[in-house]
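One structure is given below, encoded as structure tokens.
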Amino acid sequence: MIHRDIPITYQHRIAFTHGAFDAKNHTLRDLVADSSGLGETPKVLVLVDDGVSGADPKLLERIEHYFSVHSDTFSLVSGPMPLTGGEACKNDWSLVEKIWKAIEYHKICRHSYVIAIGGGAFLDLAGFGAATAHRGIRLIRMPTTTLSQGDGGVGVKNGVNFLGKKNWVGTFSVPFAVVNDLNFLSLLPERACRDGIIEAIKVSLIRDANFYEYIEKHAAELRKLEQAPLEKTIRRSAENHVDHIATSGDPFEYGSARPLDFGHWVAHKLEQISDFAVSHGEAVAVGMGVDLIYSGIIGILDQETVDRILDLIEAVGFSLWSDFLDREENGTPVILAGLEEFREHLGGKLTITLIPAIGEKLEVHQMDHDAVLEALSKLRERSEREVSNTVKSMG
Ligand SMILES: NC(=O)c1ccc[n+]([C@@H]2O[C@H](COP(=O)([O-])OP(=O)(O)OC[C@H]3O[C@@H](n4cnc5c(N)ncnc54)[C@H](O)[C@@H]3O)[C@@H](O)[C@H]2O)c1
Ligand SMILES: [Zn+2]
């Protein structure tokens, strides 16, 4: 047997800025200028989520102006290309071909750049197109939602749906850089804007008690989506996600532990049974609620801490209950099927991350069904109490 190690070090860079396409903003320009070194001005193809260009009708014009001012650094091959965004784009294979054809038509090579601007779904699509054309074109991701700026968009995965299964086809590829332009967040509707806060709470719970305390201290402002604490929260969330990827020893997920998916076994199933009427963030709030109460029941987390975290999730504006949890099939809540689906999704044996204390994680390989059912009924009681308290306070 011939055996060689192939050591590769990736640099994962996440820039934060406001107004990346203001002519005076040098974030993008400096990133590219630092690493071209080919003697030629590199080509750039810009792909834009049409939900973002719809919310900011001047965006495409600003992008063109930016590249004309900085034409000494990079050369924009054509006007920015708006394409369908949102989950629908991951179900439309013709969009992958459209991206490949644009890369071919404009002779984008491995020394050129694709810049993708959009929500997590659009970045997954564009990232997949860029990673597979010529075996990988440099990609600059510009996430535009709180969820993607603080969580998925700063990661190293892409993918589109196939055979009705989410992310069935895709790659692990570290982007050339990620540029989080916080100005995009002001375009978001309130519900979508709130969603990123729950992933921040999630990541603080599994690895950063100080960050958890920050969120707790600023809960009332975060509930109102005030800009300064929101931006700080998204930034620290991104940093924690990236630190996890860089230091956990498993950036390409060869193992079956997935701590960043704390609270997600319920969440994935809830999104699915609600036909995505429950948003990802709303589903994660409920999912963490179930897993926290479960942890209290089986005795790995003290009740005071369980209540403290549940209070925070509600304080920042999430509900801990969804009536979709009531869905039953043959007398069993449909949500329980989420456990087996989660195991399949991870491959290998079931691994669920729970927390024994704020800022620490613990992996378990089985979930006691009776205790899960008890957690669900406790969650319902709690939410009924909340509703009746609200009615009383209004009366
Ligand atoms: N690759 C990963 O590691 C990873 C991790 C987590 C999630 N994801 C994926 O991310 C997707 C969810 O991403 P998301 O939550 O960002 O939502 P999204 O991409 O589905 O976007 C939601 C909607 O908002 C629009 N939009 C985006 N930015 C906007 C803005 N600034 N203003 C107004 N509208 C805007 C989009 O056009 C879309 O219609 C899922 O497909 C999920 O699988 C990927
Ligand atoms: Zn998530």
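Given the structure is predicted, the values throughout are model-derived calculations rather than measurements. Just so you know, ligand 1 is whichever comes first in the structure, and atom 1 is the first atom listed for that ligand.
- Taking a 4.0 Å cut-off on heavy atoms, G155 fails to register as neighbouring ligand 1.
- With the Zn ion (ligand 2) as the vertex, OE2 (E199) and NE2 (H264) define an angle of 110°, rounded to 10°.
- Looking at residues two or more places apart in sequence or on another chain, you find no side chain to side chain donor-acceptor pair (under 3.5 Å) involving E363.
- Evaluated for a salt bridge (Lys or Arg N to Asp or Glu O under 4.0 Å) with K166, the options E341, E344, E87 yield exactly one hit, E87.
- For atom 3 (O) of ligand 1, the closest non-hydrogen atom of the protein is K157 CE, 3.5 Å.
- Residue contacts with ligand 1 leave out H280, since none of its heavy atoms falls under 4.0 Å from the ligand.
- Comparing heavy-atom distances from atom 31 (N) of ligand 1 across N161, D56, V52, T144 singles out T144 as nearest.
- Using a 4.0 Å cut-off between charged side-chain N and carboxylate O, K157 and E253 make a salt bridge.
- Atom 34 (N) of ligand 1 has its closest protein heavy atom at G51 O, 3.9 Å.
- In this structure, the side chain of H241 does not engage the main chain of E239 through any donor-acceptor pair within 3.5 Å.
- Heavy atoms of L147 found under 4.0 angstrom from ligand 1 belong exclusively to the side chain.
- Nearest non-hydrogen protein atom to atom 17 (O) of ligand 1 is G120 N, 4.2 Å.
- Numbered from 1 in the order shown, with element, the atoms of ligand 1 that lie under 4.0 Å from a heavy atom of F184 read 31 (N).
- Heavy-atom proximity to D49, at under 4.0 Å, picks out these atoms of ligand 1: 27 (C), 36 (C), 37 (O).
- Under 3.5 Å, the side chains of D72 and T41 contain no donor-acceptor pair of N or O atoms.
- Contacts between L187 and ligand 1 below 4.0 angstrom, taking non-hydrogen atoms only, involve backbone and side chain alike.
- Short contacts between ligand 1 and K166, defined as distances under 4.0 Å to a heavy atom of the residue, involve ligand atoms 40 (C), 41 (O), 42 (C), 43 (O).
- What sits closest to atom 35 (C) of ligand 1 on the protein, heavy atoms only, is L188 CD2, 4.0 Å.
- Nearest protein heavy-atom contact of atom 20 (O) of ligand 1 is G86 CA, 3.6 Å.
- For atom 40 (C) of ligand 1, the nearest protein heavy atom lies under 4.0 Å away.
- Not a single donor-acceptor pair under 3.5 Å links the side chain of S148 to the backbone N or O of G153.
- Ion pair K43/E40 not flagged as a salt bridge, since none of the NZ, NE, NH1 or NH2 atoms sits closer than 4.0 Å to an Asp/Glu carboxylate oxygen.
- In the model, D181 has no side-chain atom that pairs as donor or acceptor with a side-chain atom of T17 under 3.5 Å.
- Relative to atom 7 (C) of ligand 1, the option among A121, G152, G159 with the closest non-hydrogen atom is G152.
- Nearest-heavy-atom check against atom 16 (O) of ligand 1 across I117, T145, D151 picks out T145.
- Annotation: K90 places an N or O atom under 3.5 Å from an N or O atom of ligand 1; distance criterion only.
- Using a 4.0 Å cut-off to heavy atoms of G119, the atoms of ligand 1 that qualify are 16 (O), 19 (O), 27 (C).
- Under 4.0 angstrom from ligand 1, the non-hydrogen atoms of D124 all belong to its side chain.
- Between K202 and E199 a salt bridge is recorded (basic side-chain N to carboxylate O distance below 4.0 Å).
- Side-chain atoms of N180 never come within 3.5 Å of backbone atoms of A15 as a donor-acceptor pair (strictly under, hydrogens ignored).
- The nearest protein heavy atom to atom 23 (C) of ligand 1 is not closer than 4.0 Å.
- When each atom of ligand 1 is checked for a heavy atom of E87 under 4.0 Å away, the hits are 20 (O), 40 (C), 41 (O).
- Using modelled atom types, one finds a donor on one side chain and an acceptor on the other under 3.5 Å when comparing N25 with T27.
- When atom types are taken as modelled, the side chain of R194 and the backbone of R223 share a donor-acceptor pair closer than 3.5 angstrom.
- Remark: the backbone N or O of A192 is paired with a side-chain donor or acceptor of T146 at under 3.5 angstrom.
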